[in-house]
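Let me begin by presenting the structure, written as structure tokens, before commenting on it.
The structure displayed is predicted, hence computed values, not measured ones. The figures that follow rest on heavy atoms only: side chains count, while hydrogens, waters and symmetry mates do not. Naming: A, B, ... by sequence-line order, numbering from 1 per chain.
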Amino acid sequence: MADGTFYLTTPIYYVNAEPHIGHAYTTIMADMVARHRRQRGDDVFFLTGTDEHGDKIARSAAEAGRSPRQHADALSERFRELGATLGASNDFFIRTTDAPHERAVAEVLARLHDSGDVYRDAYGGWYCTACEAFYREEELGQGRSCPVHGTPAEWLEEENWFFRLSAYRDRLIALYDAEPQFVRPEGRANEARRMIEDGLEDLSISRVNVDWGVPVPWDTDQTVYVWFDALLNYYSALRYARDGEDLVARFWPPDLQLMAKDILKFHAVIWPAMLMAAGLPLPRGLFVHGYVLKGGERMSKTTGNVVDPFPFIERFGIDALRYYLVREISFGEDGTFTAEGFEARYTNELANELGNLLNRTVSMIDRYRAAAVPAPPADSALAAELVDRTEAVVGAFDRVELTRAVEEAWVLVRRLNRLVEERAPWSLARDPARALELDSALGELAEGVRAAALLLWPVMPGSCERILRALGQPDDDVALHRARWGAGAAGARVDRSGPLFPRVEVPA
RNA sequence: GGCGGCGUAGCUCAGUUGGUUAGAGCAGCGGAAUCAUAAUCCGCGUGUCGCAGGUUCGAGUCCUGCCGCCGCUACCA
């Protein structure tokens with residue numbers, strides 16, 4: 001970031017089920033950050049992908065009657081397609097089954113083994129195959145059942161390789177002391193800190209009975225624990241995403257890593273410890289967001305309480321979904337997805353406020369000035385206001401307050417609708433003596449809408465490019481500095497190309 | 001049990017380090033306007049800021065207790 005590069009990641013998605021809106025949410029939010037940083041001229045690398053190893057994948061593959069590889073291929077492709085549908089501008093899509101990733105995992109693990117951070121020990125415990133996790137006796141339910149699945153846990157004893165996580169306790173606490181912004185929001189940092197202070201146990205990072213995984217290089221009877229494997233994707237991707245170029249030097253460490261709150265511990269405790277052990281610089285910041293709730297409850301693959309994003313995308317368009325998610329759910333908090341709320345925001349905000357603003361602007365310029373966009377007046381009060389809006393948006397993005405960023409941009413949209421009423425161009429148009437005033441009013445309006453499109457571009461890229469085209473502006477340069485007052489192309493002609501967000505009939 | 005969070009207008013929520021008459025959006029009511037996707041703009045809030053105490057010149061904002069709701073405690077964004 002300081003050097004003008006920006007490395008941004010989403011978690012990699014586990015391919016044991018079809019993607020749902022929770023995955024879409026994280027990818028969309030990350031994409032907004034990525035696009036915003038590019039608007040600012042940063043050299044951005046935006047990574048997402050899929051997590052494909054583990055016994056659970058092998059089992060669901062078997063149920064589906066195919067090999068783990070076939071299963072992973074099929075589902076990984078679904079996640080890749082989801083990203084494309086969402087308009088995700090990721091620079092690479094990593095799969096943990098990529099051979100270069102597996103080599104990187106083996107290398108890092110070997111390094112930790114050599115340095116003494118990985119050791120062999122016996123481990124016994126109650127194991128749930130569905131969870132791929134061991135439980136302590138007191139955690140089990142009646143009949144020694146898995147607290148999550150309710151199915152009986154089995155007693156397993158095996159020799160595993162352990163990561164000396166406990167040895168990093170003091171260094172982790174020092175990290176949280178020194179970098180209060182390492183994990184945001186603040187409450188999540190406190191949670192993570194508490195996990196560290198409450199005592200860390202060494203972590204078993206290999207499995208004997210799991211075949212579908214990366215073999216432990218010096219003990220090929222064992223495979224690497226999926227989380228150890230998965231976390232390293234953030235590092236390994238930079239080593240092979242571009243043929244012939246090692247991106248590690250250019251982008252490492254990550255500037256921002258996004259995730260939902262369920263995987264806080266892996267990212268805020270285990271991951272930095274792994275990097276310390278490997279001698280790699282730590283990420284500059286993690287941001288932990290909340291859940292997209294349905295009916296006030298958590299969506300879950302297990303219970304089937306999920307929202308399918310595709311019908312909404314088909315009816316309202318991807319930009320409407322992107323807008324709704326970032327606006328409705330205060331980023332960092334949980335929020336509830338409802339069809340009613342979606343439709344209300346689409347109609348009130350996208351169609352009526354923004355879409356209609358563009359439409360009335362273009363329409364008046366077409367009607368009163370034969371489609372020629374007048375130059376914006378240099379003395380407009382909007383010029384200063386635009387500086388304020390832009391700074392507010394940039395500041396919000398810097399703090400990863402994405403909901404706030406859209407709200408700040410939206411203040412301009414509302415200001416512009418008010419401006420139309422204040423100037424009343426239709427009234428000026430009736431008096432030929434006020435032609436200059438009319439030019440000024442229409443130029444001011446067009447310039448304001450153009451700037452609003454640039455501020456909102458990370459949220460709704462396609463729609464904002466359409467706004468620019470409708471105003472006769474090039475749509476291929478959306479750099480943020482072009483949101484300056486008067487930076488638009490001169491001599492533009494408006495193009496009436498129909499409603500930006502057409503009203504959608506809502507069946508009763 | 002442990003740890004953490006939440007409870008502010010009918011609804012969804014903002015409210016930096018405590019400081020004057022507690023805000024926004026939506027919904028509702030009234031009005032203006034007619035460029036526009038009948039889309040916009042203006043006006044209208046007697047809210048015990050969950051309850052009870054405490055600290056303070058002053059608390060929605062800090063402390064204690066209580067009530068209610070929720071999350072995490074190694075499946076899943």
With a 4.0 Å limit, can you tell me whether [X] has a side-chain N or O closer than that to the phosphate oxygens OP1/OP2 of [N]?
X      : N     : answer
A:R193 : B:G4  : no
A:R503 : B:A36 : no
A:R418 : B:C42 : yes
A:W227 : B:C76 : yes
A:R194 : B:C3  : no

Nearest to the side chain of [X], heavy atoms from C-beta on, is which of [options]?
X      : options             : value
A:H289 : B:C35, B:A77, B:G71 : B:A77
A:N356 : B:U40, B:A77, B:A33 : B:U40
A:A260 : B:A33, B:U12, B:A77 : B:A77
A:R404 : B:U37, B:U40, B:G15 : B:G15

**OP:** Say whether, by atom type as modelled, one donor and one acceptor occur between the side chain of A:D31 and the main chain of A:T27 under 3.5 angstrom.
**Re:**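 Side chain of A:D31 to backbone of A:T27, a donor-acceptor pair under 3.5 Å: no, none is there.
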
Could you tell me how far [M] sits from [N] if I compare only their [atom1] atoms? Round to whole Å.
N     : M     : atom1 : result
B:U37 : B:C75 : C1'   : 46 Å
B:G50 : B:U61 : P     : 8 Å
B:G43 : B:A52 : P     : 36 Å
B:C11 : B:G28 : P     : 15 Å
B:A9  : B:A14 : C1'   : 13 Å
B:U48 : B:A59 : C1'   : 15 Å
B:C76 : B:U8  : C1'   : 34 Å
B:G45 : B:G10 : C1'   : 11 Å

Between atom [atom1] in [X] and atom [atom2] in [N], what is the gap in whole Å?
X      : N     : atom1 : atom2 : result
A:F337 : B:A77 : CZ    : P     : 19 Å
A:F266 : B:C72 : CZ    : C1'   : 13 Å
A:D262 : B:A77 : CG    : P     : 5 Å
A:I263 : B:U73 : CD1   : P     : 12 Å
A:R327 : B:A14 : CZ    : P     : 14 Å
A:L419 : B:C41 : CG    : C1'   : 12 Å
A:Y346 : B:C26 : OH    : P     : 18 Å
A:L264 : B:A77 : CG    : P     : 13 Å

Is [X] touching bases, backbone alone, or none of the nucleic acid, heavy atoms closer than 4.0 Å?
X      : value
A:R399 : nothing
A:N348 : sugar-phosphate
A:F501 : base
A:L258 : nothing
A:N352 : sugar-phosphate
A:R345 : nothing
A:L500 : base
A:P425 : nothing
A:R423 : nothing

Original post:
Please walk me through it: do A:F46 and A:F93 pass ring-ring contact (aromatic ring centres under 6.0 Å, His included)?
Top reply: CA-CA 9 Å; A:F46 169 24; A:F93 188 96; over 10 Å; no

Original post:
Name the stems with RNA chain B in them: runs of three or more consecutive Watson-Crick or G-U pairs, distances under 3.5 Å?
Top reply: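 Consecutive-pair runs (3 or more) involving RNA chain B: B:1-7 with B:67-73, B:10-13 with B:23-26, B:28-32 with B:40-44, B:50-54 with B:62-66.
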
Original post:
What's the shortest heavy-atom distance between A:V288 and A:K261, and which atoms?
Top reply: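 The pair with the smallest heavy-atom distance is CG1-CA, 3.4 Å.
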
Have [X] and [Y] got a donor and an acceptor in their side chains that come within less than 3.5 Å?
X      : Y      : result
A:R496 : A:N359 : no
A:R95  : A:S76  : yes
A:D229 : A:T96  : no
A:Y225 : A:H53  : no
A:E52  : A:Y14  : no

Original post:
Relative to the 5' end of RNA chain B, which residue comes earlier, A:E353 or A:G335, by the nucleotide with the nearest heavy atom?
Top reply: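 Closest to the 5' end, via its nearest nucleotide, is A:G335.
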
Original post:
When you match A:Y13 and A:T361 each to their closest nucleotide on RNA chain B, which lands nearer the 5' end?
Top reply: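 It is A:T361 whose nearest nucleotide is closer to the 5' end.
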
Original post:
What orientation do A:F342 and A:Y324 show, parallel under 30°, tilted 30 to 60°, or perpendicular over 60°?
Top reply: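 If you compare the ring of A:F342 with that of A:Y324, the planes turn out tilted.
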
**OP:** Fit a plane to each ring of A:H23 and A:F79, take the angle between them on a 0 to 90° scale, and name the class: parallel (under 30°), tilted (30 to 60°) or perpendicular (over 60°).
**Re:**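 Taking A:F79 first and then A:H23, their aromatic rings stand perpendicular (interplane angle over 60°).
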
